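Chain naming here is simple, since letters A, B, ... match the order of the sequence lines and numbering starts at 1 in each. Values in this document were obtained by computation on a predicted structure and should not be read as measured data.
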Amino acid sequence: MSSSQPFLSSPLATTPSRRRKSQFTFKQLHQLSLSSTATPLRVIAHIDLDAFYAQCEQIRLNLPDTTPVAVQQWQALIAINYPARKFGLSRHITASEAKKLCPELVCQHVATWKEGDEKWAYHEDAYKHIGTYKVSLDPYRMESKKILACIKETLPEKLQRVEKASVDEVFLDLSAQIHSILLERYPQLQGPPPYDDPTENLPTPPSSALDWSADSLVDLDEKETEDDDPDWDDVAMLIGSEIVREVRAAVREKLKYTCSAGIARNKMLSKLGSGHNKPNGQTVVRNRAIQQFLSSFKFTKIRNLGGKLGDEVVAGFNTDTVKELLDVPQDQLQKRLGDDTGSWLYQTIRGEDHSEVNPRTQIKSMLSAKSFRPSINTFEQGVRWLRIFVADIFSRCVEEGVLENKRRPKTINLHHRQGGQTRSKQSPIPQGKTLTEELLFDLAKNLLAQVVVDGRAWPCANLSLSVGGFEDGVTGNKGIGTFLVRGEEAKAMLQNERDRTPILEDSGPSAKRRKVDDTKSATGRIQNFFIGRDESTGSAGDSELEERLPGVEDEQSLPNVTLEREELDEPPPSNQNGPPSHLHQQSIDHYFCSRCNVHLPESERAEHEDWHFAKDLQDEERSAGRSETATNAAKPPPQKPAAGRGRPPGTTAKKTEKGQRKLAFGPQ
DNA sequence: GTGGATGAG
DNA sequence: CGCTCATCCAC
């Protein structure tokens with residue numbers, strides 16, 4: 001509903017002397033305590049750190065906050081703080097151009113990994129080494145964590161609802177806390193409603209003018225005047241604004257960061273609001289001001305309309321403003337965009353957004369990537385970057401508590417870009433083994449090998465490695481006494497292995513010798529990864545020599561690939577239960593476990609078999625303890641229940657006539 | 001489950 | 001721009 005209409009159409013408005021009742025009901029007030037997306041009293045805040053990366057560097061370097069600071073990534077500037085913006089600096093200019101415009105600019109390069117290092121660092125001359133270093137954004141992730149923790153500490157634990165929206169943004173659903181404060185400050189709101197009827201209107205709101213002086217206030221809609229009495233939604237917003245001011249003060253005082261905020265009825269409006277008064281300001285979008293506020297924007301500034309969908313709308317209706325799009329009837333929008341997208345857009349430009357604040361603060365995946373200029377052309381070059389990616393990802397996994405078994409990823413994914421197209425390969429991370437850096441490295445190499453044999457791998461313009469499917473750690477393998485002991489043994493053995501062949505070697509002459517070995521061992525695994533490939537259609541062409549045309553089945557086979565296929569393919573990798581037939585000897589000291597899809601040295605074979613044995617035993621006990629229907633003894637460990645509730649706007653893909661996909665937004 | 005695409009910052 | 005992160009869909 002429009003926020004302004006009820007005021008205008010209220011019959012009581014004709015009796016100026018008598019104050020009208022609230023337009024809100026006891027039911028809507030109650031819904032506020034539940035953070036319901038349906039209540040018009042809802043209050044959402046969006047908090048956005050000001051020029052975050054630049055502020056991180058300014059604070060890390062202990063510079064006065066008046067110093068112009070930019071963050072440099074190779075030659076590009078990826079963040080510019082507000083003092084620097086006064087000099088006309090913007091993104092898309094180079095560091096040297098910026099220095100000319102602003103000689104006293106502090107131009108700090110991001111931290112980087114260099115080959116062989118076991119940790120990222122701030123290197124003075126990083127920009128000279130775009131070919132061998134990899135950017136690390138870890139410092140900003142760590143600051144982000146501290147800020148998020150600070151925000152959570154400031155809010156009452158029981159009533160908070162915080163969504164981490166990005167490294168420098170959060171959404172807060174303040175509804176429940178505001179409900180509590182309202183009842184406390186205005187006891188007349190405590191129930192029960194008259195006649196115990198929840199549809200009864202709330203008592204008359206306080207008549208004194210509200211003090212908005214500390215906030216930037218968006219102008220009211222036309223026909224609304226500041227003389228109109230406030231209602232409870234205004235009171236709720238004002239309380240929300242107080243809370244946000246306290247949160248921002250805490251972040252400022254404890255961590256020195258400034259941020260901007262928007263307070264409004266929903267996520268979309270709060271986000272637009274937070275950008276309205278930067279830096280270090282907060283903006284309240286009262287319900288009575290929504291139309292005026294929204295109409296001032298190009299709709300491409302609204303979330304989800306910044307991309308192709310927005311372009312499609314512009315093309316379809318020859319305007320990029322909310323104001324003009326308001327004249328388009330809903331069915332016209334639907335005709336052009338599809339029913340769901342059309343009605344979503346119709347509602348959105350009228351200020352409606354019923355999406356929930358998703359109480360989620362932990363990441364679900366992490367990624368390490370590098371664009372290559374110029375492209376890289378060999379498997380061993382790729383492997384060298386994988387080393388760095390793995391070091392990066394593994395150290396971040398350690399921060400996530402992987403070593404303490406708190407959280408651990410389930411899958412590993414390699415993305416590869418060549419020419420216009422990107423392809424990816426992924427594999428499960430075996431859960432039976434301790435998650436080590438070399439395990440990840442091994443898996444990553446295999447994925448790269450798969451990409452290579454699939455063809456058209458070179459020249460490669462971009463590689464990225466990610467791990468995902470983070471789940472809470474297992475409980476400690478109850479009932480398996482031998483596992484932990486053996487696990488320690490395994491660690492010791494792996495340590496010995498590492499001592500002999502250090503994984504994080506120095507860059508230098510020795511690296512050249514070693515990378516040959518990497519290539520060999522990895523090509524050895526190419527063979528293994530041809531399991532499952534259909535022999536009759538042959539295997540992939542040799543991408544380095546043969547560019548296959550799209551759609552053409554080129555069946556040039558790699559002799560050494562098909563060689564071992566038979567034996568490997570025999571028991572296809574599966575989760576079936578059974579005798580220990582899952583360990584396949586590949587060579588004198590090399591095994592492949594088809595249950596885990598993992599390669600093992602002889603030194604780990606016994607432990608691995610023991611682990612399966614113990615786990616099967618445990619699973620049998622479990623299923624016996626339950627019912628006869630439990631036949632899933634060898635299924636993966638029980639999954640985390642569900643990702644909480646509340647997906648952001650329900651989106652469903654549709655195919656357009658042109659075969660392009662676009663988003664469609666369904667009802668919540 | 002896998003691989004591609006879109007969108008955000 | 002380059003590097004992340006999330007979500008969705010066809011398969």
Worksheet item: Which one, dA6(C), dG4(B), dT4(C), comes nearest to the side chain of Arg141(A)?
Response: dT4(C)
Discussion item. Heavy atoms only, 4.0 Å cut-off, all strands: where does Ala76(A) land among base, sugar-phosphate and nothing?
Written reply: nothing
Practice prompt. Indicate, with a heavy-atom threshold strictly under 4.0 Å, whether Asp168(A) touches base, sugar-phosphate, or nothing.
Written response: sugar-phosphate
Worksheet item: Any side-chain N or O of Lys134(A) less than 4.0 Å from the OP1 or OP2 oxygen of dT4(C)?
Response: yes
Worksheet, complete the sentence: On DNA chain C, more 5' by nearest nucleotide between Gln73(A) and Arg396(A) is Gln73(A)
Fill in: Between P of dC8(C) and CG of Asn358(A), the distance in whole Å
10 Å
Worksheet item: Among the nucleotides dT4(C), dC3(C), dA8(B), which one has an atom lying closest to any side-chain atom of Arg303(A)?
Response: dA8(B)
Fill in: Nearest-angstrom distance from the residue atom CD1 of Ile393(A) to C1' of dT4(C)
11 Å
Response to the item:
Out of dA8(B), dG1(B), dA6(C), minimum distance to the side chain of Gln426(A) belongs to dG1(B)
Item to complete: Send over the distance from Asp454(A) CG to dG3(B) P, rounded to a whole Å.
Response: 9 Å
Worksheet entry | Residue Ile78(A), side-chain heavy atoms: nucleotide from dT4(C), dT6(B), dC1(C) that is nearest | dC1(C)
Worksheet item: The side chain of Lys308(A) lies closest to which of these nucleotides: dT6(B), dC1(C), dC3(C)?
Response: dT6(B)
Discussion item. For Phe297(A) and Phe293(A), take the angle between the two ring planes, folded into 0 to 90°, and tell me which bin it lands in: parallel under 30, tilted 30 to 60, perpendicular over 60.
Written reply: perpendicular
Worksheet item: Contact class for Glu169(A) vs. all strands (heavy atom < 4.0 Å): base, sugar-phosphate, or nothing?
Response: sugar-phosphate
Practice prompt. May I have the distance from Gln72(A) (atom CD) to dC1(C) (atom C1'), rounded to whole angstrom?
Written response: 13 Å
Worksheet entry | Residue list, salt bridge (Lys or Arg N to Asp or Glu O under 4.0 Å) with Lys146(A), at least two apart or on another chain | Glu143(A)
Practice prompt. Taking only the side-chain nitrogens and oxygens of Arg373(A), find out if one of them lies under 4.0 Å from OP1 or OP2 of dC1(C).
Written response: no
Discussion item. Can a donor-acceptor pair be found, under 3.5 Å and without considering hydrogens, that links the side chain of Gln381(A) to the backbone of Ile376(A)?
Written reply: no
Worksheet item: Is the phosphate of dG3(B), meaning OP1 or OP2, less than 4.0 Å from a side-chain N or O of Lys425(A)?
Response: yes
Worksheet item: Any side-chain N or O of Ser424(A) under 4.0 Å from OP1/OP2 of dG4(B)?
Response: yes
Item to complete: Respond yes when some side-chain nitrogen or oxygen of Lys364(A) is under 4.0 Å from OP1 or OP2 of dT7(C), and no when none is.
Response: yes
Worksheet item: Is Ser466(A) touching bases, backbone alone, or none of the nucleic acid, heavy atoms closer than 4.0 Å?
Response: nothing
Worksheet item: For the side chain of Met366(A), counting heavy atoms from C-beta on, which of dC5(C), dC1(C), dC3(C) is nearest?
Response: dC5(C)
Item to complete: Evaluate the side-chain proximity of Tyr82(A) to Asn280(A): yes if any heavy-atom separation is below 4.5 Å, no if none is.
Response: no
Item to complete: Identify whether any heavy atom of Leu414(A) sits under 4.0 Å from a base atom; if not, whether one sits that close to sugar-phosphate; answer base, sugar-phosphate or nothing.
Response: nothing
Worksheet item: Using 30° and 60° as the class limits, which term best fits the ring planes of His109(A) and Trp74(A): parallel, tilted or perpendicular?
Response: tilted
Discussion item. What's Ile363(A) touching, base or sugar-phosphate or nothing? Going by heavy atoms closer than 4.0 Å.
Written reply: sugar-phosphate
Worksheet, complete the sentence: To the nearest 0.5 Å, atom CD of Gln73(A) lies from atom CD of Gln108(A) at 13.0 Å
Worksheet item: Nearest of dC3(C), dG7(B), dC5(C) to any side-chain atom of Val135(A)?
Response: dC3(C)
Item to complete: Report the distance from atom CD1 of Ile93(A) to atom C1' of dG2(C), rounded to the nearest whole Å.
Response: 17 Å
Fill in: Residues which pass salt bridge (Lys or Arg N to Asp or Glu O under 4.0 Å) with Arg417(A), listed by chain and number, not counting sequence neighbours
none
Worksheet entry | Nearest-Å distance for atom pair CD/C1', residues Glu97(A) and dC1(C) | 13 Å
Fill in: Asp311(A) CG to dG7(B) P, straight-line distance once rounded to whole Å
8 Å
Worksheet item: Atom CG of Leu447(A) to atom P of dT2(B): distance rounded to whole Å?
Response: 10 Å
Worksheet item: Does Ser464(A) place a side-chain N or O at less than 4.0 Å from the phosphate oxygens OP1/OP2 of dC3(C)?
Response: no
